[in-house]
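Lettering follows sequence order; numbering is per chain, from 1.
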There are 2 protein chains.
Amino acid sequence: MADLARVAGVSKITISRALSDSPLVNKETRERLQALAHQLGYKLNVSARNLRLRRSHTVAVIVEMKPSNDRTMLDPYPLVLLGGISQELTANGYSVLLTTRQGATAAAVQAADGLILLGQGSRQDAVRRFDKLGLPMVVWGAPGERDEHIVVGSDNRQGGSVVAEHFIHQGRRHPVFVGNPNHPEIFERLNGFVDALAAHGIKPLLIRRDEFTLASGMDAMHSLVERQVPFDAVFACSDLLAMGAIRALNEMGRSVPGDVSVVGYDDMPLAASFLPPLSSVRQDWQEGGTLLARKVLALINDETAQSETLPVELMVRAT
Amino acid sequence: MADLARVAGVSKITISRALSDSPLVNKETRERLQALAHQLGYKLNVSARNLRLRRSHTVAVIVEMKPSNDRTMLDPYPLVLLGGISQELTANGYSVLLTTRQGATAAAVQAADGLILLGQGSRQDAVRRFDKLGLPMVVWGAPGERDEHIVVGSDNRQGGSVVAEHFIHQGRRHPVFVGNPNHPEIFERLNGFVDALAAHGIKPLLIRRDEFTLASGMDAMHSLVERQVPFDAVFACSDLLAMGAIRALNEMGRSVPGDVSVVGYDDMPLAASFLPPLSSVRQDWQEGGTLLARKVLALINDETAQSETLPVELMVRAT
DNA sequence: GTTGCGATTGTTATCGATATCATCGATGGT
DNA sequence: ACCATCGATGATATCGATAACAATCGCAAC
């Protein structure tokens with residue numbers, strides 16, 4: 001910038017002003033300087049500006065990436081969150097610094113203006129750890145009773161209850177829940193499910209399965225039939241589990257939805273073209289990402305923001 | 001840091017040295033100062049350090065995120081690339097700055113020490129645009145004849161040829177290729193397929209389908225049967241296409257693999273538990289990410305690096 | 001006793017931008 | 001003719017770290 005100033009015969013500060021379109025400099029000189037800068041291939045040194053402005057225009061997104069059969073951020077749907085976040089942030093001139101929990105010790109995270117926590121890594125212990133950075137922070141997940149931070153999440157409780165209503169409406173009397181209630185989000189689904197059923201005097205059966213796979217869904221049905229438990233409806237907390245369940249049921253000679261009704265979760269693209277087309281609960285991940293981003297930005301700008309819960313929608317199809 | 005120095009009764013530079021574990025400071029004072037810094041909750045200002053060191057320890061990863069029915073980086077498998085990149089970079093003290101092509105104008109990208117381009121956005125025009133930033137750059141994709149930049153990609157040509165060999169070995173004489181050869185990567189698969197078959201005097205049929213969906217795969221088979229084209233093998237360039245093809249074939253009374261053999265691509269987790277278990281070409285995305293990261297790091301450190309191609313593996317299952 | 005060297009610590013300049021306050025000429029009202 | 005005001009530009013200090021070089025001390029060698 002000093003070089004530019006010398007060439008143009010003005011002072012550094014005038015260059016700075018011209019390049020940031022400040023109305024303080026004469027319109028003509030401003031344009032002249034901008035042209036010159038462009039012509040000379042001048043590149044702003046972002047680090048210097050960050051230092052001076054004490055802002056990096058960067059938000060760190062911390063995800064859980066550990067590959068496993070458990071649910072990870074590498075699943076496609078949670079990643080749509082990232083898409084939403086990225087879109088909203090860049091629209092506001094911010095960048096996304098992607099980090100895992102392990103990598104979060106890296107220097108760059110400290111330079112961020114704000115923090116977004118994604119994935120089940122965002123349990124209380126992890127949350128507290130990042131809280132200490134003293135940065136504006138927003139968490140994706142199930143809102144706890146008394147968290148000090150802002151939480152955005154889709155309404156898992158409602159997800160559970162709409163499925164319950166759906167079963168009730170179909171006259172089902174012996175519903176089963178398949179999934180891993182250790183995940184706070186899934187725990188909420190279970191709660192919503194149980195409570196809504198209780199209003200009709202029905203108590204569902206819980207089949208705990210930790211993996212979100214087709215095989216796991218099949219296995220759940222096998223054990224159910226083996227134990228000769230009567231059931232006529234299955235709420236699987238992921239689409240893969242649901243598909244596995246349907247396959248196992250068919251193999252064992254039970255019809256879906258004739259004998260058993262099945263509903264999945266996430267409404268993955270495959271759900272609609274599954275045979276039979278799978279009913280599933282859809283959550284708007286993209287919108288979730290947008291919201292997360294808006295809230296951190298608000299916090300960064302010293303505005304207020306509140307926790308928020310996004311509604312879900314039951315896509316009723318053939319099962 | 002100045003505050004720390006005052007409190008500790010030493011100079012700033014000693015603090016700086018102590019905190020970076022420099023052997024220049026006495027071991028005891030070093031430890032004393034480190035403890036003090038920790039106790040006072042001192043946080044290094046990364047922007048200042050970046051400015052001084054002229055390094056941000058950050059690599060920008062530019063992906064194509066535009067949601068569409070076309071293939072995007074939001075597909076789960078390409079994202080494993082990101083996982084590999086992230087892991088390798090953080091292991092070396094670098095951070096990942098995630099950006100879309102649109103967002104790449106944002107300031108922070110200019111501060112990056114290097115660039116990784118992912119997704120079909122990395123066509124020549126886009127590549128050239130980022131080349132102008134003058135940063136070390138590595139691209140994921142199919143290596144072109146004469147690119148000036150470093151390319152890492154999986155061996156799509158080999159992917160095509162192993163499938164061809166497989167069909168030949170099974171005695172198939174009328175193979176079909178389903179996919180969108182506009183993607184450079186898929187074009188390579190097609191080339192490998194065609195060439196390997198040509199060695200046996202066989203010329204495959206190309207059914208062009210742009211979407212990577214189940215429906216698209218079904219549709220391809222329908223049109224094939226409608227036109228009464230004889231065929232006994234299908235190479236689909238994605239697993240979803242392959243699954244759609246199998247379903248359509250079964251519905252039309254053709255058995256897989258009895259009448260028609262089908263092979264997919266990517267070996268998604270579902271492939272193995274599909275009915276019948278789907279044969280598919282697997283590429284090691286994780287390793288690809290690791291390589292991409294290693295190469296940028298090499299370039300950043302003024303070492304040399306070369307383009308590289310990763311082998312693929314045909315998982316032979318029931319189809 | 002002095003010179004020299006190694007181990008520590010300090011002084012000053014620097015990275016590249018921007019905020020604050022100062023400057024300067026022109027304009028205009030009285 | 002004089003002072004106030006405004007528009008445009010500049011001088012300097014500053015953000016918080018680190019590099020290069022200087023300084024100090026103790027101790028050993030001659």
Side-chain angles (χ1 to χ4, degrees), chain A residues 1-34 36-38 40-58 93 95 106-113 133-135 300, chain B residues 1-34 36-38 40-58 93 95 106-113 133-135 300:
Chain A
M1 202 174 245
D3 296 351
L4 260 184
R6 208 173 315 116
V7 174
V10 296
S11 70
K12 290 193 302 177
I13 186 67
T14 302
I15 300 283
S16 171
R17 287 181 182 135
L19 295 186
S20 59
D21 257 338
S22 158
L24 280 175
V25 301
N26 184 299
K27 190 166 170 229
E28 283 149 30
T29 39
R30 201 194 314 165
E31 283 165 359
R32 178 170 67 91
L33 296 179
Q34 289 178 355
L36 186 70
H38 183 76
L40 264 58
Y42 165 78
K43 295 265 162 32
L44 180 79
N45 182 318
V46 181
S47 298
R49 167 200 268 172
N50 288 348
L51 172 57
R52 183 70 240 236
L53 297 184
R54 299 144 149 275
R55 280 227 174 166
S56 63
H57 285 269
T58 287
S95 302
V109 175
Q110 296 179 25
D113 295 336
L133 288 179
L135 293 174
I300 289 174
Chain B
M1 200 173 245
D3 296 351
L4 260 183
R6 209 174 311 118
V7 174
V10 297
S11 70
K12 289 193 303 177
I13 189 67
T14 304
I15 300 282
S16 171
R17 287 180 182 135
L19 294 186
S20 59
D21 257 338
S22 158
L24 281 174
V25 300
N26 185 298
K27 191 168 168 228
E28 283 149 30
T29 42
R30 202 193 313 164
E31 283 165 0
R32 179 171 65 92
L33 296 179
Q34 288 178 356
L36 186 71
H38 183 77
L40 265 57
Y42 165 78
K43 295 265 162 34
L44 181 80
N45 181 318
V46 181
S47 297
R49 167 199 266 172
N50 287 348
L51 172 58
R52 183 69 241 233
L53 298 184
R54 302 147 146 275
R55 280 229 174 165
S56 62
H57 285 269
T58 286
S95 302
V109 175
Q110 296 179 25
D113 295 336
L133 288 180
L135 294 174
I300 290 174

How would you label the contact of B:Lys27 with the nucleic acid (heavy atoms, under 4.0 Å): base, sugar-phosphate, or nothing?
-> nothing

Does B:Arg52 place a side-chain N or O at less than 4.0 Å from the phosphate oxygens OP1/OP2 of C:dT14?
-> no

Return the nearest nucleotide to the side chain of B:Leu44; candidates are D:dA17, D:dA19, C:dA17.
-> D:dA17

Side chain of A:Asn45: nearest nucleotide among C:dT18, D:dA19, C:dA17?
-> C:dA17

Under 4.0 Å between a side-chain N or O of B:Tyr42 and OP1 or OP2 of D:dA17?
-> yes

Name the nucleic acid region contacted by B:Thr29, choosing base, sugar-phosphate or nothing; use a 4.0 angstrom heavy-atom cut-off, strictly under.
-> sugar-phosphate

Between the CG atom in A:Leu36 and the CD atom in A:Glu31, the distance rounded to the nearest 0.5 Å is 13.5 Å

Is any side-chain nitrogen or oxygen of A:Arg54 closer than 4.0 Å to OP1 or OP2 of D:dG16?
-> yes

Round to a whole Å and report the spacing from NZ of A:Lys12 to C1' of C:dT18.
-> 9 Å

Nearest-nucleotide pick for A:Ala48, side chain only, options being D:dT18, C:dT18, C:dG16 = C:dG16

Among the nucleotides D:dT9, D:dT18, C:dA17, which one has an atom lying closest to any side-chain atom of A:Val25?
-> D:dT9

Could you give the CG-to-P distance, from B:Asp3 to D:dC15, as a whole number of Å?
-> 11 Å

DNA chain C: 5'-proximal contact among A:Arg17 and B:Gly9 (nearest heavy atom) | B:Gly9

Whole-Å distance, B:Arg32 CZ to C:dT8 P, equals 14 Å

Minimum heavy-atom separation for A:Ala37 to A:Leu19, with atom names?
-> CB-CD2, 3.8 Å

Main-chain N/O of B:Ser56 paired to B:Thr58 side chain as donor or acceptor, under 3.5 Å = yes

Base, sugar-phosphate alone, or nothing: which one does A:Val46 contact when heavy atoms must sit under 4.0 Å apart?
-> nothing

Here the distance between atom C1' of D:dG10 and atom CG of A:Leu4, to the nearest Å, is 17 Å

Interatomic distance where CZ belongs to B:Arg30 and P belongs to C:dA7 [whole Å] = 13 Å

Contact under 4.0 Å: B:Thr14 side-chain N or O vs C:dG10 OP1/OP2 | yes

Of all heavy-atom pairs linking B:Ala18 and B:Leu33, the shortest is CB-CD1, 3.7 Å

Spacing of A:Ile13 atom CD1 relative to C:dT18 atom P, expressed in whole Å | 7 Å

Between C:dA7 atom P and B:Leu24 atom CG, what is the distance in whole Å?
-> 10 Å

Give a yes or no answer on whether the side chain of B:Asp113 reaches the backbone of B:Arg55 with a donor-acceptor pair at less than 3.5 Å.
-> no

Grab the CZ-P distance between B:Arg49 and D:dA19 for me, whole Å please.
-> 10 Å

